[in-house]
There are 4 protein chains.
Amino acid sequence: MSRAAGDSPTRIQREKTQAILDAALELFSAQGFHGATLDAIAEAAGLSKPNLLYYFPSKEAIHRALLEALLDRWLDPLRQLDPAGEPLAEIAGYVLRKLEMARDHPRESRLFAQEVMQGAPRIGDVLAGPLKALVDEKAAVIAGWARAGKIAKVDPRHLIFSIWAATQHYADFDAQVRAVLGADHEGRFHDAARTLRTLFVEGLRPR
Amino acid sequence: MSRAAGDSPTRIQREKTQAILDAALELFSAQGFHGATLDAIAEAAGLSKPNLLYYFPSKEAIHRALLEALLDRWLDPLRQLDPAGEPLAEIAGYVLRKLEMARDHPRESRLFAQEVMQGAPRIGDVLAGPLKALVDEKAAVIAGWARAGKIAKVDPRHLIFSIWAATQHYADFDAQVRAVLGADHEGRFHDAARTLRTLFVEGLRPR
Amino acid sequence: MSRAAGDSPTRIQREKTQAILDAALELFSAQGFHGATLDAIAEAAGLSKPNLLYYFPSKEAIHRALLEALLDRWLDPLRQLDPAGEPLAEIAGYVLRKLEMARDHPRESRLFAQEVMQGAPRIGDVLAGPLKALVDEKAAVIAGWARAGKIAKVDPRHLIFSIWAATQHYADFDAQVRAVLGADHEGRFHDAARTLRTLFVEGLRPR
Amino acid sequence: MSRAAGDSPTRIQREKTQAILDAALELFSAQGFHGATLDAIAEAAGLSKPNLLYYFPSKEAIHRALLEALLDRWLDPLRQLDPAGEPLAEIAGYVLRKLEMARDHPRESRLFAQEVMQGAPRIGDVLAGPLKALVDEKAAVIAGWARAGKIAKVDPRHLIFSIWAATQHYADFDAQVRAVLGADHEGRFHDAARTLRTLFVEGLRPR
DNA sequence: TATGAATGAGAATTCATTCAT
DNA sequence: GATGAATGAATTCTCATTCAT
């Protein structure tokens, strides 16, 4: 039997579980759910297939575990948006944090993107629940800033979409970004940060 | 073998080919290459599986045909960016055309996105070739506008990335957009257009 | 309906039938019954697959037709063995005729060989009937020669097997013969003829 | 993946592998590569089809394994031809060993024959390499005997072909041999041995 | 006669999962 | 915990044959 609910996992259990999740993230994000095979994940994780299934009951379960871990972190940057902060600086900070997320966790970003692109069958309720709630909350903050004339009048939720899109693009469409930039891609996150700062800060500066 | 290279396809060929491509686009864009099965495509197209394979020699070939047809159109909006036009209006127009593309061809957008996200194994050369060439050309135009003080100074290629990202988001992340907007999603393209116009036009307005 | 029994085939019918048989012989002899496809035969014969099946009702039927035509000729060399001739010369002549057969009709030889090797499912009755009868007849002749001291005492039927084997080898095992002889294979039938003459004539010369 | 390269196979692996090879030899030799199905092989070997493919990665791989094992043994009789032996006895011995090979390993013989007959696509290099080398070597020995007047002057390589052909005939054309001999086929190898001894020994005796 | 179109019955292979040890 | 072995259910693709015109 796999580890019972109450047991605290041993070190070895934690390590293997982590190795599996890591391998699975690599493969799911690169090939999609159906494109990744348990064989490949097991090999990448350095275990036998049955052993892998000792730690997770099914392929589906691994995928679910990855998405859950992901969603935990995914909203952190937005959560940190401080209603009491200076509006343009807050937004600039949020953009930057999100861009760093794309830079540091591209596989998670692609995993999430593929899931959403396929209609979010597994995380639809999270999107409509906690995610929507957080967006609503922060959108209200932004709307407040706009009403107060601190930033330009924009639809705050679409503003958030744009920030998501523009930053995650560097993770999700990495192959395209590299192809287009050619040799210049080394400094791409730096250049992106400057460009996005201009767009969002100047674009939102009240006039 | 089905139609020889030189023959012009008969009506029935055109119809069935189109039905297959349509069904395949639906399924590939929703489930990815591996998630979509020939069975499902054949059923959606209203043909038997062997009959489907009478028109296309393999699953791979269908996918390739879709990508090729897609790439043909994909760059049209950018191509229309007029070096002789009024800079901010040109950019606003481009954003709008791209947004309409996302609205009218979301499946194509998702197909493209999944391909790129998986490393662009099949269209890598197009990205590094024709796509890069077009971007370089238009980036030079935009850079010229910036030097002339017609728009703010931004990295033109990253600007293009942002436009791509922000517009395609409404196709690729449709499930998320709907979940977050809830009942308000009906007018999402209209609201998005206004928001993006503000961001890109005001964000780029020289000061 | 295909041509009724009584009709004499038109020229075009004869030509197409022949083209089909020729293409089928090529492919069956090279790939075996299962390895050859109707597609390939039709293409080699220059017709469409349905048209091919207008002339022959099935793949099986083509194969059968080939074997029948083949068996007709196959025994000719042995039939010509003349009981009244000079024994050693008769045998030498038979060997030579059989070798020429291998040289001039290698595909037929291979078709026959493959059929026999697979247990002769389609021509078993011919082997046990007409073929056995002819061999028995000629074996009696040879046995008579041996009894009369005109040739050495050998089992006449095994002698016939050896002649078959040694000559057909140049058709059936052509690939091996060429590989072993390398550049010298051009004159292989000439060299084979001399070698076989020595073996069979000297080997059978009474002493 | 099944057994890694370095591991020594377990008992069960050896047994199942052997059962598969045995069943495959039976079917490939009787039906040809395309005529034999994995289904049939699996059933004959007493395994499920996927289990069979656990031991060999593909149908092709099974076939290749059979041919490789075969080639190993195939040349043994010729290798034993002793340059220092008494020429006629050596040749008689070789003929006999080869005939025993046909008697004891008819399926291997037919497998080899079918492969060569189809143009030796998989073993062409072995024929042109090791096989040719061995034949060249032994042909030189035989040529030496002929020059020394120990045997009649014949082309040694064609002599070898004749020996191959005449002996393998009893394996490859078994169906025909049985049909022709009828009830007498029981002693066929004995009778063949006598006949071939006469042909090759007397045929080669110097005069 | 001829052929474009269609299909049912396989055939090889893959893969998530289970079994036995 | 770990793994070699096994398998049922697909999944892609092939092929002889038939249909409709």
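The sequence lines fix the lettering, A, B, ..., with proteins before strands; numbering per chain opens at 1. Since the model is a prediction, treat every value here as computed from it, not as a measurement.
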Please name all residues satisfying ring pair (Phe, Tyr, Trp, His ring centres under 6.0 Å) with D/Phe33, sequence neighbours left out, ordered by chain then number. D/Phe28, D/His63
Can you measure A/Glu43 atom CD to E/dC15 atom P for me and round it to whole angstrom units? 13 Å
So, does D/Tyr54 get its side chain near the phosphate of F/dA5, meaning an N or O under 4.0 Å from OP1 or OP2? yes
What integer distance in Å separates B/Ile20:CD1 from F/dC13:P? 13 Å
Taking only side-chain nitrogens and oxygens of D/Ser48, does any of them come within less than 4.0 Å of OP1 or OP2 of F/dA5? no
Quick one: does any side-chain atom of D/Arg110 pair with a main-chain N or O of D/Ala171 as donor and acceptor, under 3.5 Å? yes
Keeping the roles fixed (side chain from C/Gln13, backbone from C/Thr10), state whether a donor-acceptor pair exists under 3.5 Å. yes
If only side-chain N and O atoms of A/Gln13 are considered, is one of them under 4.0 Å from the OP1 or OP2 phosphate oxygen of F/dG1? yes
Does the pair D/Arg107/D/Asp22 count as a salt bridge with the N-to-O cut at 4.0 Å? yes
Report yes if at least one side-chain N or O of B/Tyr55 is closer than 4.0 Å to OP1 or OP2 of E/dG4; otherwise report no. no
Take the protein atom CZ of C/Arg14 and the nucleotide atom C1' of E/dT1, then report the distance between them rounded to whole Å. 17 Å
Return the value, rounded to whole Å, for the distance between atom CG of D/Leu52 and atom C1' of E/dT14. 14 Å
Using whole Å, report how far CZ of A/Phe56 lies from P of F/dG1. 14 Å
For nucleotides 16-21 of chain E, just jot down a letter per nucleotide in 5' to 3' order: B, S or -, based on protein non-hydrogen atoms under 4.0 Å. BBB---
Across the strands shown, which category fits A/Leu47 at heavy-atom distances under 4.0 angstrom: base, sugar-phosphate, nothing? nothing
Return yes if some donor-acceptor pair links the side-chain N/O of D/Thr17 with the main-chain N/O of D/Arg14 below 3.5 Å, else return no. no
Return yes if some donor-acceptor pair links the side-chain N/O of B/Gln31 with the main-chain N/O of A/Gln118 below 3.5 Å, else return no. no
For the pair made of CD1 in D/Ile62 and P in E/dA12, what is the distance, rounded to whole Å? 9 Å
Grab the CD-P distance between A/Gln31 and E/dC15 for me, whole Å please. 10 Å
Stems involving DNA chain F: give each as a range paired with a range, ordered by first number, where a stem means at least three consecutive Watson-Crick or G-U wobble pairs under 3.5 Å. E:2-21 with F:2-21
Distance col, row C/Leu66:CG vs C/Leu25:CG, nearest 0.5 angstrom, shows 5.5 Å
Under 4.0 Å: is that the gap between some side-chain N or O of A/Asn51 and OP1 or OP2 of F/dG1? no
Check: A/Glu115 side chain, A/Arg122 main-chain N or O, donor-acceptor pair, under 3.5 Å: yes
Just verifying a value: how many Å separate B/Leu53 CG and B/Ile20 CD1, rounded to the nearest 0.5 Å? 8.5 Å
E/dT1 versus F/dA20 - spacing of their C1' atoms, nearest Å: 14 Å
